[in-house]
Amino acid sequence: QLQAFGGGLVQNGGSLRLSCAASGRTFRSYAMGWFRRAPEKEREFVGGIEWTGGIKYYADSVKGRILISRDNAQNVVYLQMNNLTPEDTAVYYCAASRQDGVPTQTQQYMYWGQGTQVTVSS
């Protein structure tokens with residue numbers, strides 16, 4: 001089970017930190033990804049982190065504004081988002097993958113959490 005939380009309403013230029021907590025299973029050996037789905041758009045990859053935390057990969061649309069980290073001892077993954085814009089408004093999801101590296105495609109992830117809404121006001 002994965003659960004993303006920490007979303008909310010933030011002003012343009014603001015910051016948020018999302019968390020993804022795992023329960024019932026350890027995801028320490030899984031790559032973890034963050035995705036988002038904006039209204040009337042496809043779900044898109046935001047960023048991900050390899051299971052050791054040593055490799056991270058970010059989508060071009062958010063590169064330089066987000067940071068993904070993980071605490072394997074606590075079974076939690078974080079998504080720090082800075083300088084948010086209204087274009088970042090979406091439901092954000094975390095997911096876990098057994099594939100090596102940092103997968104970027106939705107079909108590469110086998111476990112998904114319920115999303116958390118992020119709304120950025122202009």
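- Met81 pairs in a side chain to side chain contact (heavy atoms under 4.5 Å, CB included) with only one of the listed residues (Leu16, Val10, Val62), which is Leu16.
- Cluster membership check: Leu67 shares its hydrophobic cluster with Val46, using side-chain heavy-atom separations under 4.5 Å among Ile, Leu, Val, Met, Phe, Trp and Tyr.
- Atom CG in Leu79 sits 10.0 Å away from atom SG in Cys20 (nearest 0.5 Å).
- Apart from Val76 itself, the hydrophobic cluster it occupies contains Tyr78, where clustering links Ile, Leu, Val, Met, Phe, Trp and Tyr at side-chain heavy-atom distances under 4.5 Å.
- For Ile49 against Arg70, the heavy-atom pair with the smallest separation is O-NH1, 3.6 Å.
- When atom types are taken as modelled, the side chain of Ser97 and the backbone of Gln108 share a donor-acceptor pair closer than 3.5 angstrom.
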| said: side chain to side chain contact (heavy atoms under 4.5 Å, CB included), that's the test. Do Leu18 and Val118 meet it? Break it down for me. | reply: CA-CA 9 Å; Leu18 306 184; Val118 172; 4.0 Å; yes
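- Trp51 belongs to no multi-residue hydrophobic cluster, having no ILVMFWY side-chain contact under 4.5 Å with any other such residue.
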| field | Glu87/Val120 under side chain to side chain contact (heavy atoms under 4.5 Å, CB included): CA gap, chis, key distance, verdict | value | CA-CA 8 Å; Glu87 288 67 38; Val120 185; over 6 Å; no
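- No path of Ile, Leu, Val, Met, Phe, Trp and Tyr side chains, each step under 4.5 Å between heavy atoms, connects Phe5 with Met32, placing them in separate hydrophobic clusters.
- Rounding to the nearest 0.5 angstrom, the gap separating the SG atom in Cys94 from the CD atom in Gln3 is 7.5 Å.
- Scanning both residues, Tyr111 and Leu2, for their nearest heavy atoms gives O-CD1, 3.7 Å.
- Partners of Asn75 according to the side chain to side chain contact (heavy atoms under 4.5 Å, CB included) rule, which considers only residues two or more places apart in sequence or in another chain, are Ala22, Thr26, Phe27, Arg28.
- Of all heavy-atom pairs spanning Arg43 and Thr106, the tightest one is CD-CG2, 4.1 Å.
- Side-chain atoms of Lys56 do not come within 3.5 Å of backbone N or O of Ser69 as any donor-acceptor pair.
- Taking a 6.0 Å sphere around CD of Gln74, one finds it holds 12 or fewer heavy atoms contributed by other residues, nucleotides or ligands.
- Looking at residues two or more places apart in sequence or on another chain, you find a side chain to side chain contact (heavy atoms under 4.5 Å, CB included) between Gln1 and Ser23.
- Of all heavy-atom pairs between Thr89 and Ala38, the closest is O-CB, 3.5 Å.
- In this view, Val91 and Tyr93, Gln117 satisfy the side chain to side chain contact (heavy atoms under 4.5 Å, CB included) rule, not counting sequence neighbours.
- Not a single side chain to side chain donor-acceptor pair (under 3.5 Å) links Ser61 to another residue, sequence neighbours left out.
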| field | Candidate pair Leu9 and Ser121, rule side chain to side chain contact (heavy atoms under 4.5 Å, CB included), full reasoning | value | CA-CA 7 Å; Leu9 176 64; Ser121 62; 4.2 Å; yes
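- For Phe35, the ring pair (Phe, Tyr, Trp, His ring centres under 6.0 Å) partners are Phe45, Tyr109, Trp112, not counting sequence neighbours.
- With a 6.0 Å radius and a threshold of 12 heavy atoms from other residues, nucleotides or ligands, Glu42 has its CD atom at or below the threshold.
- Between Gly47 and Ile68, the closest heavy-atom pair is C-CD1, 3.2 Å.
- Panel note: side chain Gln105, backbone Gln107; no donor-acceptor pair is recorded below 3.5 Å.
- Scored by the side chain to side chain donor-acceptor pair (under 3.5 Å) test, Glu44 finds Arg36 as partners (sequence neighbours excluded).
- The nearest pair of heavy atoms linking Pro103 to Asp100 is CD-O, 4.1 Å.
- Under the rule for a salt bridge (Lys or Arg N to Asp or Glu O under 4.0 Å), the partners of Asp60 that lie at least two apart in sequence or sit in another chain are Lys63.
- Here Arg37 pairs with nothing under the salt bridge (Lys or Arg N to Asp or Glu O under 4.0 Å) rule; sequence neighbours left out.
- Take Lys41 and apply the side chain to side chain donor-acceptor pair (under 3.5 Å) test, not counting sequence neighbours, and it matches no residue.
- Remark: Gln80 pairs with Asn82 by the side chain to side chain donor-acceptor pair (under 3.5 Å) rule, at least two apart or across chains.
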